[in-house]
Amino acid sequence: MIRYLRTRVLSLLRFPSHLPAAHLVPLHGLLSTTASTSPKPFSVKDFLVTDCGLTREQAIKTSKRLSYLTSLSRPAAALAFLSARGVPRSGIAAAVAADPRILSASVDRVLAPRFAELTEIGLSPSQIVDILSIRRTGSLRGNLLFWIQTLGTYHKILPLAKSNCDLLSANLDKVIKPNLNTLRECGVSAFDIAGGSMYSTRLFTVRHEVLMGAIARVEELGVERGSGMFPRALAALSFLSRDILHGKIQLLRKLGFSQDELVMILKKAPQVLALSEKKIQRAVEFLMRDVSLQAPYIAQRPVLIMYSLEKRLMPRHSLLEVLRQKGLLGVEWDYYTIAAMAQKKFVQKFVDPYKSSFPGLADDYASACLGKA
């Protein structure tokens, strides 16, 4: 452009035009016309902070996902639409932080039609923008109605949809309903899965053969369909491969559990196999070495392996050792009773009565439970 201007100016100087003065284009006019065609600079970060309500830290992270923007016209239109529909600034900020691409959604083709159909089923503007920050395509209206009827309320659906957005778009007749029917045949309800780990909601939306494989793996562990433990086992272990499950069973054998004790652990708490091998090994070694528990005792109470080692088992064991050495325990308590005791009750029974005799005892125990000791 600069080279063109230089050439143009030189040509005008060397070869004066014979055109009337009114037809000559002044140099400053040529320059100003050129400058006006340059795109105006814009800052996505500033827009996210000033207009959308994100913090500066959120904006820095979020702007990376909007690097493709060449202007703010579409984000500004989306923001104006959401504000006009009554979505509060805090709701817009939360939605943009969750999925900044909502700002790139077309108002006419996406946002307006979705707001219309979801308003019809009784969702508020804030609820709608929450859903649209998770999913904007697929059969949102039909899927949401189905899950509201199945689980009861929108508030139960939202956290599940955040962990598995396919709940809002998977085909109801070909995927979701057949999977739910299979789960019911195993004595597992939608509530059982929804109340398990968020990851387990994938059982609602996976291919049917994947679901059948997960059911088979749980049955291979000796957990029977229809038993009270089956839903929890399926929720916890459904996406672990046979090799991973076998490796953890072999680790338990190596740690000293007999075949009968392994069967007992898997029937009472199959969720143990969802723990990492490191967690299993550290917990079992602590219980056997430091607490002097035997394998049969642990197998009868496998939930002990699942308790937090750093924030529960070790702090309680250390505190009781101090009291035991001082001769203050009186009677020897069953270890499982102490480990399973609610934190408030444990403090009332084993910390509060000795605070005056041992200054700093309560603070040390509280710090240990926070993992600071």
Side-chain angles (χ1 to χ4, degrees), residues 32-148 151 153-170 172 198 201 205:
S32 62
T33 302
T34 303
S36 66
T37 61
S38 301
K40 293 183 179 179
F42 65 93
S43 170
V44 174
K45 295 186 188 73
D46 290 344
F47 176 79
L48 293 172
V49 173
T50 305
D51 297 78
C52 299
L54 274 68
T55 65
R56 179 60 62 177
E57 292 73 21
Q58 287 176 317
I60 292 172
K61 180 180 179 181
T62 301
S63 63
K64 295 175 182 177
R65 299 175 66 186
L66 295 173
S67 59
Y68 56 86
L69 289 177
T70 57
S71 80
L72 292 176
S73 58
R74 180 168 280 192
L79 179 61
F81 174 84
L82 296 176
S83 299
R85 291 300 180 278
V87 182
R89 183 176 170 86
S90 60
I92 292 174
V96 172
D99 184 5
R101 293 171 300 176
I102 193 173
L103 292 172
S104 300
S106 167
V107 171
D108 294 332
R109 295 194 304 272
V110 179
L111 297 181
R114 289 308 193 188
F115 259 78
E117 67 179 4
L118 297 183
T119 298
E120 288 178 358
I121 63 174
L123 268 61
S124 70
S126 293
Q127 290 172 332
I128 294 173
V129 80
D130 282 341
I131 292 296
L132 295 184
S133 70
I134 299 170
R135 198 71 151 181
R136 291 177 290 282
T137 59
S139 180
L140 290 183
R141 185 179 187 277
N143 283 41
L144 276 169
L145 277 174
F146 173 80
W147 288 117
I148 289 173
L151 298 176
T153 67
Y154 163 85
H155 298 290
K156 290 181 179 178
I157 298 165
L158 184 62
L160 302 181
K162 286 180 177 179
S163 68
N164 179 11
C165 62
D166 288 342
L167 292 173
L168 301 177
S169 57
L172 283 174
M198 291 297 181
T201 59
T205 56

Please report, to 0.1 Å, the donor-acceptor pairs under 3.5 Å made by any side chain of residues 104-111, with sequence neighbours excluded.
from : atom 1 : to   : atom 2 : distance (Å)
S104 : OG     : Y68  : OH     : 2.6
S106 : OG     : D108 : N      : 3.4
S106 : OG     : R109 : N      : 3.1

What residue pairs, at least two apart or across chains, pass salt bridge (charged side-chain N to carboxylate O under 4.0 Å, His left out) with a residue in [range]?
| range | result |
| --- | --- |
| residues 77-87 | none |
| residues 49-61 | D46-R56 |
| residues 119-133 | E120-R141 |

Subject >> Working for side-chain contact (heavy atoms from CB on, under 4.5 Å), residues I128 and V87 >> reply: CA-CA 9 Å; I128 294 173; V87 182; over 6 Å; no
If you measure from [atom1] on [X] to [atom2] on [Y], what distance do you get to the nearest 0.5 Å?
| X | Y | atom1 | atom2 | answer |
| --- | --- | --- | --- | --- |
| T153 | W147 | OG1 | CH2 | 13.5 Å |
| L144 | E117 | CG | CD | 9.0 Å |
| I121 | L145 | CD1 | CG | 4.5 Å |
| L167 | R135 | CG | CZ | 10.0 Å |
| S133 | L103 | OG | CG | 11.0 Å |

Could you tell me if the side chain of [Y] sits less than 4.5 Å from the side chain of [X], heavy atoms only?
| X | Y | answer |
| --- | --- | --- |
| P75 | L69 | yes |
| I148 | I157 | yes |
| P125 | F115 | yes |

For the student: nearest non-hydrogen atoms of [X] and [Y], plus distance:
| X | Y | result |
| --- | --- | --- |
| S126 | P88 | OG-CD, 3.2 Å |
| N143 | L168 | ND2-C, 3.3 Å |
| K45 | A59 | O-CB, 3.8 Å |
| T137 | S169 | O-CB, 4.0 Å |
| R101 | R136 | CB-NH2, 3.7 Å |
| L66 | P100 | CD2-O, 3.5 Å |

Original post:
Who are the salt bridge (Lys or Arg N to Asp or Glu O under 4.0 Å) partners of R65, not counting sequence neighbours?
Top reply: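 Testing R65 for salt bridge (Lys or Arg N to Asp or Glu O under 4.0 Å), a comparison that skips the adjacent residues, returns D99.
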**OP:** Any chance you could lay out the side-chain contact (heavy atoms from CB on, under 4.5 Å) test for I102 and V129, step after step, and finish with the verdict?
**Re:** CA-CA 9 Å; I102 193 173; V129 80; 4.0 Å; yes
Original post:
So among L160, L158, N164, which one has a side-chain contact (heavy atoms from CB on, under 4.5 Å) with K162?
Top reply: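 Testing K162 for a side-chain contact (heavy atoms from CB on, under 4.5 Å) against L160, L158, N164 leaves exactly one candidate, L158.
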**OP:** Step by step, work out the side-chain contact (heavy atoms from CB on, under 4.5 Å) result for H155 and Q127.
**Re:** CA-CA 9 Å; H155 298 290; Q127 290 172 332; 4.0 Å; yes
**OP:** Could you check T62 against C52 for side-chain contact (heavy atoms from CB on, under 4.5 Å), going step by step and ending with a plain yes or no?
**Re:** CA-CA 11 Å; T62 301; C52 299; over 6 Å; no
**OP:** Not counting sequence neighbours, which residues clear side chain to side chain donor-acceptor pair (under 3.5 Å) with T55? List them please.
**Re:**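 Checked T55 against side chain to side chain donor-acceptor pair (under 3.5 Å); matches are Q58.
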